[in-house]
Amino acid sequence: MTSSTPSYDVVVVGGGIVGLATAHAVARTGRSVAVVEREPRLAAHQTGNNSNVIHSGLYYAPGGYKARLAVAGCAETIAFCREHDLPHERTGKLVVATDPEELPRMAELKRRGDANGVENHELDQAGMREHEPHVRGIAALYVPSTGITDYRAVAEKIGELVAKEGGEIHLGRPVRQILPRASDVVVRTEAGDLLGKQVVVCAGLRCDEVAKAAGVDPGVRIVPFRGEYSGFSDRAAELVKGLIYPVPDPAFPFLGVHATRGVDGSVHAGPNAVLALAREGYSWGTVKPKEFLETITYPGMLKIAKKHWKYGFGEMHRSLSRSAMVKQIQRMLPDVRAEDLHRAGAGVRAQAVKADGTLVDDFLFVEQAGSGGLGAPGSVLHVLNAPSPAATAALPIGREILEKLTGEKLAPLTAS
Ligand SMILES: Cc1cc2nc3c(=O)[nH]c(=O)nc-3n(C[C@H](O)[C@H](O)[C@H](O)COP(=O)(O)OP(=O)(O)OC[C@H]3O[C@@H](n4cnc5c(N)ncnc54)[C@H](O)[C@@H]3O)c2cc1C
């Protein structure tokens, strides 16, 4: 390291939507900031390969980060898209129960929605058909505030604003090591070092690996769960007006295979949840034996496999068999046929799992104190679980992280 090593108030590792929103919050306060991203472009992983739904905050345990930050993020994302002329639409969504066994879970969703201040309405069969004429179910919740956008476009716009406010974005620079010192932190990349008074790690599928490279035991392991999408034919797309979701299984932090009309008008169903064979394992063909071995020998993963093997095999079967996938979709949309579906890409979720097999439900922030203490120069903040709805919640997450770093509270962005 030399006296010419570039130096910033904050260095953010990861150019997904959470890292970019964090850099944006920092830049809004006039502090200097750099984002360091390993890929040659922004939003290359979860942010650019998701369902593009602006979540309302319906599902999440009241009082947690997800509940608070998704509700705020839903309004803020819409305001941001409006302000910057980005594609978005407030479509509303239906959560549909297809089996009487799901009714108590739907009642719990309603209770959570009410506690989180999310407008929602119970509908009977006639009511649900007014919103979605082709849906089949026994009862539904309608949530008007849910919407759709294009998170890659949102992330790229946030990146543009960071640069406009004087921040720097370094692409194609994997971070290999983080060395906290007395009054700053060295961020070591293949293309040279950067210095941050403080560092924030938002490395998604590799956040636990980067935590270890900073000398921290993250206490969790990222298990990559691939979510595959099926595109609908033009005929089947006519059957879906907006967003149609099942009642989720409370054993998993996933929302179940849903049908979504995107901002480009196309309709897709997904994502399922299959164990990926590499951290960035976007298809069955992407296998990294070392990473896969590390995942399946992790005690937490072994516990999940023991408890949920039936569910896991079911998801694998639906991944490999179009007829199995169509059966699942037909529970809510009986007129969809196997020939209506085609493969339409995938995303990989970075799900933090504890050694006892618990899938971490809420967002998880772990602060690594420098010698000056937490929040002081020399400290590192690790975002160790930011799955869905973190794209929706990214702007408030960025402000939350800024407050953890500096104690400074920023006002939300609103459309002018
Ligand atoms: C299938 C799927 C569907 C989803 N649907 C929705 C949805 O509809 N609505 C919603 O709100 N959320 C959804 N989510 C969740 C949402 O996409 C994520 O919560 C969000 O994108 C997380 O953003 P992030 O910045 O933390 O992670 P990422 O977007 O994954 O970004 C992390 C970045 O860190 C970089 N990185 C990793 N290691 C290093 C390193 N060593 N050095 C430098 N950079 C590094 C990566 O290259 C990556 O660009 C979905 C996710 C998936 C996978």
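Each ligand, and each atom within it, is numbered from 1 in the order the structure gives.
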- Message: Return the closest protein heavy atom for atom 8 (O) of ligand 1 as residue, atom name and distance.
- Response: V53 N, 3.0 Å
- Message: Does this structure show an ion pair linking D362 with K66, if we count only N-O contacts that are shorter than 4.0 Å?
- Response: no
- With Y298, which residues qualify under side-chain contact (heavy atoms from CB on, under 4.5 Å), at least two apart? R221, M301, V353, A355
- Using heavy-atom distances, let me know which of L205, V18, I178 sits nearest atom 24 (P) of ligand 1. V18
- Note on the structure: Numbered in order shown, the ligand 1 atoms found under 4.0 Å of a heavy atom of P174 are 42 (N)
- Message: Counting non-hydrogen protein atoms only, what is the nearest one to atom 35 (C) of ligand 1? Give residue, atom name and distance.
- Response: E37 OE1, 3.2 Å
- Message: How far is atom 32 (C) of ligand 1 from the closest protein heavy atom, and which atom is that?
- Response: C202 O, 3.4 Å
- Query: Shortest non-hydrogen contact from V12 to V33?
  - Reply: CG2-CG2, 4.1 Å
- Do the non-hydrogen side-chain atoms of I178 and V201 ever get within less than 4.5 Å of each other? yes
- Message: Quick one: does any side-chain atom of R90 pair with a main-chain N or O of S145 as donor and acceptor, under 3.5 Å?
- Response: yes
- Task: Tell me whether the guanidinium CZ or amine NZ of K157 lies under 6.0 angstrom from the six-membered ring centre of F80 and within 45° of its axis.
- Result: no
- Item | Ligand-side contact atoms (ligand 1) for residue partner V36, heavy atom cut-off under 4.0 Å | 43 (C), 44 (N)
- Task: Using distance alone, decide if ligand 1 has a nitrogen or oxygen within less than 3.5 Å of any nitrogen or oxygen in N49.
- Result: no
- Task: If the plane angle is over 60° it's perpendicular, under 30° parallel, otherwise tilted; pick one for Y60 and H55.
- Result: perpendicular
- Heavy-atom contacts with V348 under 4.0 Å: which atoms of ligand 1 show up? List them by number with element. 53 (C)
- Message: What I'd like to find out is whether the side chain of L402 reaches to under 4.5 Å of the side chain of T22, using heavy atoms alone.
- Response: no
- Message: Do Y8 and E168 pair up side chain to side chain, a donor and an acceptor below 3.5 Å, judged on atom types alone?
- Response: yes
- Decide whether an N or O pair under 3.5 Å exists between A43 and ligand 1. no
- Under 3.5 Å, N or O to N or O, is S51 touching ligand 1 that way? yes
- Message: What protein heavy atom lies closest to atom 31 (O) of ligand 1? Include the residue and the distance to one decimal.
- Response: G16 CA, 3.4 Å
- Pairs meeting criterion ring pair (Phe, Tyr, Trp, His ring centres under 6.0 Å) with involvement of residues 343-365, two or more places apart: Y65-F365
- Item | No-hydrogen, no-angle side-chain donor-acceptor test under 3.5 Å, E119 and H121 | yes
- Item | Heavy-atom pair with the smallest gap, counting every atom of A25 and G398 | CB-O, 3.5 Å
- Message: Counting only heavy atoms closer than 4.0 Å, does ligand 1 sit against the backbone of P387, its side chain, both, or neither?
- Response: backbone
- Query: Between H55 and ligand 1, which residue portion shows a heavy-atom distance shorter than 4.0 Å: side chain, backbone, both, or neither?
  - Reply: side chain
- Query: Relative to the heavy atoms of E39, which atoms of ligand 1 are at a distance of less than 4.0 Å?
  - Reply: 47 (O)
- Message: Is it true that Y245 and T260 share a donor-acceptor pair across their side chains at a distance under 3.5 Å?
- Response: no
- Task: Check each atom of ligand 1 against the heavy atoms of V210 and keep those under 4.0 Å away; list them by number with element.
- Result: 41 (N)
- Task: Around atom 21 (O) of ligand 1, find the nearest protein heavy atom and jot down its residue, atom name and distance.
- Result: T47 OG1, 3.0 Å
- Please identify which atoms of ligand 1 are closer than 4.0 Å to at least one heavy atom of Y229. 1 (C), 2 (C), 3 (C)
- Task: May I ask you to identify, for T189, whether its side chain, its backbone, both or neither come under 4.0 Å of ligand 1 on a heavy-atom basis?
- Result: neither
- Message: Can you name the atoms of ligand 1, numbered from 1 with element, that are less than 4.0 Å from a heavy atom of R206?
- Response: 37 (C), 38 (N)
- Query: So which heavy atom in the protein is nearest atom 36 (N) of ligand 1, and how far is it from that ligand atom?
  - Reply: R38 CD, 3.6 Å
- Which option out of V12, N50, V13 puts a heavy atom nearest to atom 52 (C) of ligand 1? N50
- Query: With distance as the sole criterion, is a donor-acceptor pair present between the side chains of H45 and E280 under 3.5 Å?
  - Reply: no
- Nearest candidate to atom 11 (O) of ligand 1, where distance is taken over non-hydrogen atoms, out of T22, T392, T260: T392
- Would you mind reporting whether S51 and H258 have side-chain heavy atoms less than 4.5 Å apart? yes
- In the protein, what heavy atom is nearest to atom 18 (C) of ligand 1, and what distance, to one decimal place, separates them? A386 O, 3.6 Å
- For ligand 1, which atoms sit closer than 4.0 Å to a heavy atom of A390? 19 (O)
- Considering heavy atoms of the protein only, find what lies nearest to atom 27 (O) of ligand 1 and give residue, atom and distance to 0.1 Å. Q46 NE2, 3.3 Å
